[in-house]
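All figures in this text were calculated on a predicted structure; none of them were measured in a lab.
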Amino acid sequence: MVKRWYVVHVYSGFEGKVKHSLEERIASSPLKEYFGEIIVPTETVVELVKGERKESSRKFYPGYILVQMALTDLTWHLVKDTGKVTGFLGGRDKPSPITDAEVEQILRRMEAGKQKPQPKYHFEPGDEIRVIDGPFTNFNGTVEEVNPEKGKIKVFVSIFGRSTPVELEFVQVTKL
């Protein structure tokens, strides 16, 4: 019996509930040995809320969970008949599993997100932003450079009618 990873499509926003519900169904069924882990791919993000840094969890594949299982008709029905599950990814009757390398990549991304939380927003040169923290609060500007390693961006803000470069952290700005 080989357990492989399958992507299960669920209602967006119900990933955690589906995971919990599926774990309960598996625990109460005689098919426990056919199932392994169930993962909701999430990462930790940092944002500024009311002047304080706040870490929260963000799903990087909303509407999908990963289920490690040996696929049989019974296990397929157990997963498919769980509430808020719409189906498997990769085939209607016989879904195709994802590769171990893809699972490894997702797990690495989850682990990296726990160790070093990512900023909530990603910026690119030319993006319009609004400063939400620091001495330039409520100034609007344009992103000139992005330094993802340091979590900083260089922004041009208009001060007294002059475009002035300012270096800010990702959490100090929000996209317009």
Side-chain angles (χ1 to χ4, degrees), residues 1-124 127 129-130 132-133 146 148 151 169-176:
M1 174 174 51
V2 178
K3 294 177 189 168
R4 315 247 349 234
W5 287 95
Y6 293 90
V7 180
V8 177
H9 186 247
V10 302
Y11 288 0
S12 187
F14 289 90
E15 296 87 354
K17 288 182 181 178
V18 169
K19 179 185 176 193
H20 182 70
S21 174
L22 195 54
E23 286 171 342
E24 284 181 354
R25 291 189 66 171
I26 291 167
S28 65
S29 82
L31 303 169
K32 290 178 206 166
E33 69 271 5
Y34 288 87
F35 288 91
E37 290 182 75
I38 300 172
I39 296 173
V40 178
T42 55
E43 63 187 349
T44 306
V45 293
V46 176
E47 64 182 319
L48 211 59
V49 178
K50 295 179 182 173
E52 293 182 18
R53 283 179 175 251
K54 181 181 174 192
E55 288 188 4
S56 61
S57 170
R58 175 175 64 189
K59 298 170 192 87
F60 50 83
Y61 297 122
Y64 295 97
I65 63 172
L66 303 178
V67 179
Q68 186 183 31
M69 59 188 268
L71 188 66
T72 66
D73 285 346
L74 293 174
T75 58
W76 184 87
H77 278 289
L78 190 132
V79 174
K80 180 76 174 83
D81 295 339
T82 303
K84 311 290 186 205
V85 171
T86 58
F88 284 87
L89 196 68
R92 192 172 197 180
D93 297 327
K94 184 163 176 39
S96 50
I98 60 174
T99 64
D100 290 341
E102 290 169 319
V103 174
E104 182 91 12
Q105 185 181 7
I106 291 168
L107 294 176
R108 258 187 278 130
R109 184 173 170 185
M110 288 174 65
E111 191 60 35
K114 285 179 188 171
Q115 292 174 356
K116 185 180 177 195
Q118 301 295 312
K120 188 168 186 176
Y121 302 107
H122 295 280
F123 299 98
E124 293 181 15
D127 285 348
I129 57 97
R130 180 177 199 85
I132 57 172
D133 185 49
V146 180
E169 292 185 27
F170 280 9
V171 295
Q172 290 181 293
V173 297
T174 184
K175 279 189 175 180
L176 288 179

Are the side chain of [X] and the backbone of [Y] linked by a donor-acceptor contact shorter than 3.5 Å?
X      : Y      : answer
Lys80  : Thr86  : yes
Arg109 : Phe60  : no
Ser21  : Lys17  : no
Glu43  : Met110 : no
Gln68  : Glu37  : yes
Lys175 : His122 : yes
Lys3   : Phe35  : yes
Thr82  : Leu22  : no
Glu104 : Glu102 : no

Any side-chain heavy atom of [X] sitting closer than 4.5 Å to one from [Y]?
X      : Y      : value
Val171 : Asp133 : no
Trp5   : Ile106 : no
Thr72  : Leu31  : no
Ile26  : Tyr34  : no

Distance check, rounded to the nearest 0.5 Å: [X] atom [atom1] versus [Y] atom [atom2]?
X      : Y      : atom1 : atom2 : value
Arg130 : Thr174 : CZ    : OG1   : 9.5 Å
Met1   : Met69  : CE    : CE    : 11.5 Å
Thr75  : Tyr6   : OG1   : OH    : 8.0 Å
Gln105 : Thr99  : CD    : OG1   : 8.5 Å
Leu71  : Arg4   : CG    : CZ    : 10.0 Å
Asp81  : Arg25  : CG    : CZ    : 6.0 Å

**OP:** Run the numbers on Val8 and Val18 for side chain to side chain contact (heavy atoms under 4.5 Å, CB included), then give the verdict.
**Re:** CA-CA 10 Å; Val8 177; Val18 169; 5.7 Å; no
Original post:
Does CG belonging to Asp73 count more than 12 external heavy atoms closer than 6.0 Å?
Top reply: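 Incorrect, the count does not exceed 12.
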**OP:** Decide if atom CD of Glu33 counts as having more than 12 heavy atoms of other residues, nucleotides or ligands within a radius under 6.0 Å.
**Re:**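 Yes, because the 6.0 Å sphere around CD of Glu33 holds more than 12 heavy atoms from other groups.
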Original post:
Any idea how Phe88 and Trp76 line up, ring-wise: parallel (<30°), tilted (30 to 60°), or perpendicular (>60°)?
Top reply: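 Phe88 and Trp76: parallel rings.
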Subject >> Test log, rule side chain to side chain contact (heavy atoms under 4.5 Å, CB included), inputs Leu107 and Ile39 >> reply: CA-CA 9 Å; Leu107 294 176; Ile39 296 173; 3.5 Å; yes
Original post:
Should Val7 and Leu66 be marked as a side chain to side chain contact (heavy atoms under 4.5 Å, CB included) after you check the CA-CA gap, both sets of side-chain angles, and the distance that decides it?
Top reply: CA-CA 5 Å; Val7 180; Leu66 303 178; 3.7 Å; yes
